[in-house]
Amino acid sequence: MLDPKLLRGDLEAVAQQLARRGFSLDVDGLTALESRRRELQTRTEELQGERNTRSKAIGKAKANGEDIQPLLDEVSDLGDRLDAAKQALMDAQAEWDDAVSGIPNLPHDSVPEGESEDDNVELHRVGTPRDFDFDVLDHVDLGRKSGYLDFDLAVKLTGARFAVMRGPVARLHRALAQFMLDTQTLAHGYEECYVPYIVNRDSLRGTGQLPKFGEDLFRLDDEREFHLIPTGEVPLTNFVRDEIVEADALPMKLTAHTPCFRSEAGSHGKDTRGMIRQHQFDKVEMVQIVEPEHSYAALEDMRGHAEALLQALDLPYRVVTLCTGDMGASAAKTYDLEVWLPSQETYREISSVSNCEDFQARRMQARYRKPEAKKPQLVHTLNGSGLAVGRCLLAVLENHQQADGSVTIPEPLRGYMGGAASIAL
RNA sequence: GGAGGGAUGGCAGAGUGGUUGAUUGCACCGGUCUUGAAAACCGGCGUAGGUUUGUAGCCUACCCAGGGUUCGAAUCCCUGUCCCUCCGCCA
């Protein structure tokens with residue numbers, strides 16, 4: 001959510017910045033709404049003030065043993081007028097909140113302008129796609145022969161867009177997650193966390209999934225409005241919701257390996273084959289809570305933390321800066337890491353690293369106290385995948401496949417695989 | 001699943017219908033004292049919104065959340081959430 005002061009002040013400037021990301025701000029509507037809201041608030045507060053002074057007078061008169069009936073008669077209709085004013089104010093406020101909650105974050109100046117992913121700007125490429133002297137298989141065909149990767153079985157157990165992994169593939173999946181988690185904690189200084197995979201409404205509101213994007217979530221049949229997490233970002237970032245942390249507690253660097261559940265996956269018929277797009281997938285998430293002046297340095301660091309994993313796994317990838325039109329609503333700037341998939345002969349997203357500045361912090365009321373400042377200040381929040389485990393698994397399978405149907409295990413994973421240098425599929 | 005007790009400012013903890021936004025202590029900030037520090041003493045110290053040129057003043061709201069009673073609610077009633085204790089059950 002944007003700073004309400006910004007929205008009450010220079011709306012035109014805000015509208016211009018939002019136009020960069022293809023969002024057209026209803027300046028006139030908001031202005032009218034705000035002036036009406038303000039008027040109603042003033043009226044309500046006047047009535048409240050009147051009620052308070054009269055009630056105090058009644059209390060005083062009663063204490064002096066005077067007859068208070070005449071005073072009571074005077075205030076008889078005040079309550080009704082006050083109720084009406086309050087109701088009107090609440091309606092106007094709700095209308096304003098509704099309008100404001102749909103406004104995305106302002107893009108950072110360095111974000112390239114564009115409408116879609118076609119306009120994203122490549123930052124750099126690392127690694128060279130292999131030249132295969134045999135016909136490459138995609139992960140579906142690779143896994144089918146042995147049955148170690150079984151989508152048909154998942155259909156029977158649940159339905160479309162789930163996967164069953166068995167044997168060495170299941171172990172490789174676990175090895176990847178362990179390797180990522182160990183790298184983030186031991187090499188990059190993140191604190192390992194175990195978090196709930198079910199969260200409440202307030203948490204989803206804090207990170208921005210609600211109220212606008214509820215249809216992307218799996219919701220439990222429970223009156224408490226519990227939802228399965230769509231990403232570890234939700235529980236981790238909400239650590240600081242409604243908190244005032246001391247400055248020396250920052251930066252807070254958190255990581256967790258969690259499953260992620262997404263209801264929308266595949267609703268548009270994209271990536272129907274294989275485990276690119278699933279309702280359930282695992283991810284190691286990085287979250288940083290930082291002081292505002294350090295958030296862009298932290299963004300570069302986090303991108304590096306994600307890139308280090310791909311380099312260690314010897315996977316070719318590229319980094320793109322998302323253009324204004326392709327960013328999520330909460331982000332001010334986002335890098336995507338895209339890994340090379342030989343079967344598709346293209347780069348596919350495997351990590352997304354974003355600086356949300358104070359957009360989420362404001363929704364969450366997440367603040368910190370600087371010793372020299374009297375008022376608590378909003379923190380900046382960043383999140384990034386480090387990495388998506390499922391997509392990483394298929395990238396390893398496809399990139400490191402051999403002519404004999406085996407897959408070479410990247411060196412850093414071998415310790416997690418009982419020393420195996422390759423697996424036979 | 002059953003029975004009880006709680007939720008108040010950064011923290012601890014008073015307050016059961018009438019100038020109580022709220023006693024007090026700790027923490028924090030400023031000052032006096034001191035060579036310096038500590039101690040002691042004095043003062044300050046919540047958040048949000050409105051009004052305003054104004055981080056001044058004034059006004060309004062907020063004592064877990066949402067409803068209700070009342071001229072008036074931190075205080076009484078209802079619902080919900082969370083925490084604690086005991087019993088049962090369970091990984």
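Chain letters run A, B, ... following the sequence lines, proteins first, then strands; residues in each count from 1.
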Is there any protein nitrogen or oxygen under 3.5 Å from a nitrogen or oxygen in nucleotides 51-54 of chain B, and what are the pairs?
{"from": "U51(B)", "atom 1": "OP1", "to": "Arg38(A)", "atom 2": "NH1", "distance (Å)": "3.4"}

[X]: side chain to side chain contact (heavy atoms under 4.5 Å, CB included) partners, not counting sequence neighbours:
X         : result
Glu243(A) : Val245(A)
Phe281(A) : Cys260(A), Arg262(A), Lys283(A)
Gln41(A)  : Arg37(A), Glu45(A), Leu89(A)

Set of ring pair (Phe, Tyr, Trp, His ring centres under 6.0 Å) partners for [X], sequence neighbours left out:
X         : value
Tyr368(A) : none
His173(A) : none
His305(A) : His188(A), Tyr190(A)

N/O donor-acceptor pairs under 3.5 Å from side chains in residues 409-425 of chain A, not counting sequence neighbours:
{"from": "Arg414(A)", "atom 1": "NE", "to": "Ile409(A)", "atom 2": "O", "distance (Å)": "2.8"}
{"from": "Arg414(A)", "atom 1": "NH2", "to": "Ile409(A)", "atom 2": "O", "distance (Å)": "2.9"}
{"from": "Tyr416(A)", "atom 1": "OH", "to": "Asp182(A)", "atom 2": "OD2", "distance (Å)": "2.6"}

Report task. Run the ring-centre check on His380(A) versus Tyr296(A) and record whether the distance is less than 6.0 Å. Result -> no

Close N/O contacts between protein and nucleotides 6-13 of chain B (under 3.5 Å):
none

Requested in this report: Please list, by residue number, the residues of residues 79-91 of chain A whose heavy atoms come closer than 4.0 Å to an atom of RNA chain B; answer none if no residue qualifies.
Outcome: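 Here the set is empty: none.
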
Query raised in the report: Dot-bracket for RNA chain B: what is it, with Watson-Crick or G-U pairs under 3.5 Å, [ ] where a pair crosses earlier ones, and | for a pair to another strand?
Result: ((((((((.[[[..)..(.....]]].(((((.......))))).((((((.....)))))).[[[[[..)....]]]]])))))))....

Query raised in the report: Does anything in residues 184-205 of chain A pair up under salt bridge (Lys or Arg N to Asp or Glu O under 4.0 Å), and if so which pairs, sequence neighbours excluded?
Result: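 Residue pairs passing salt bridge (Lys or Arg N to Asp or Glu O under 4.0 Å), neighbours aside: Arg201(A)-Glu225(A), Asp202(A)-Arg205(A).
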
